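These notes concern the structure reproduced below.
Both counts, for ligands and for their atoms, begin at 1 and track the order of listing. Remember, predicted model here, so these are calculated numbers, not experimental data. Basis for what follows: all heavy atoms, side chains included, without hydrogens, waters or symmetry-related copies.
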Amino acid sequence: MDLSLTDKVAIVTGGSKGIGFQTALHLVREGAKMTICARGQENLETAAAKIKEETGGSVIPIQADVRKAEDCQMVVEETIKQFGRLDILINNAGTSSAKSFEEVDLDTWAEDMDLKLYGAINFSKSAVPYMKEVGKGSIINITAVIGKTPPGSSLPTSVSRAAGLGLTKAMSKDLGKYSIRVNAVCIGLIKSDQIQKRWQRTAGHLTWEEYSKDPKHAIPLGRIGETEEAANVITYLASDAASYVTGTAINVDGGRGAAL
Ligand SMILES: NC(=O)c1ccc[n+]([C@@H]2O[C@H](COP(=O)([O-])OP(=O)(O)OC[C@H]3O[C@@H](n4cnc5c(N)ncnc54)[C@H](OP(=O)(O)O)[C@@H]3O)[C@@H](O)[C@H]2O)c1
């Protein structure tokens, strides 16, 4: 399949670790020029060096917090300064936050919405004018499969993710006139940094293999997924191979979610 990513320019938020890092690596391997951003400078520098070493491609690491609109604008402008255009935006930065309604205080609600909903809005606001200049673009919002059927135990994440799915659909309807595609990828459980920390914190007596295959996760494919398996789907959606795909939300969850 021709992904036609050579010389396309992409930004991956939260590109220093986990799914974001793997996605940035995949896109650069396919020929894209890349900006990765996150808050932690050291992890960013390490991630950019690894991608350059493995691919020989162009990657710039920029420290930024997606909750701050001015940081998002700065990252987009720096990308344009370095590479001259913007084709792909992957809104990936995020963390999990899973409690019951009564356990979540109002500050936590606001922080979660700032990170997972406004982070995507902030970046997309800055990116869309440059995608219009190119004449097309691809925005991918990385969300969670629980956003489709929010459980009562996964607040506030499931609600901010449901809002992210609504944002994806509405933006796809509005921006289709500019040939800007907007899609979501709904993650179930993927072996990223945060999931490995959760394993060590809650079930450190098990090997990774035992934890991954634990029936309590209720994953029909019987194991936790790999970051490469998420990055493959994201890379496809980012590419011209998905030129007629917009306004959709693809589950990458081994069948775990209740909704299609
Ligand atoms: N892995 C899963 O099973 C799973 C399940 C459902 C949804 N997801 C979603 O998939 C996405 C990727 O998850 P992951 O598991 O790969 O996460 P991860 O390994 O914890 O990596 C998260 C990345 O986001 C960055 N980040 C966090 N807050 C940020 C902020 N305010 N501004 C900029 N960057 C920020 C982190 O760097 P810094 O901390 O240095 O900023 C890091 O690069 C997230 O949105 C996550 O919620 C993952």
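- The residues K191 and E229 are annotated as not salt-bridged, no charged nitrogen and carboxylate oxygen being separated by less than 4.0 angstrom.
- Between K136 and D87, no side-chain nitrogen of the basic residue sits less than 4.0 Å from a carboxylate oxygen of the acidic one, so the salt-bridge criterion is not met.
- Between K81 and E77 there is no salt bridge, since no side-chain nitrogen of the basic residue lies less than 4.0 Å from a carboxylate oxygen of the acidic one.
- Protein residues with any heavy atom under 4.0 Å from ligand 1: G14, S16, K17, G18, I19, A38, R39, G40, A64, D65, V66, R67, N92, A93, G94, T95, L115, I142, T143, A144, R161, I187, G188, L189, I190, S192, D193, Q194, I195.
- The salt bridge (Lys or Arg N to Asp or Glu O under 4.0 Å) analysis of residues 39-54, with sequence neighbours excluded, yields the pairs R29-E54.
- Residues I19 and I234 have side chains in contact (heavy-atom distance under 4.5 Å, counting atoms from C-beta outward).
- The neighbour count for Y118 OH, taken as heavy atoms of other residues, nucleotides or ligands under 6.0 Å away, does not exceed 12.
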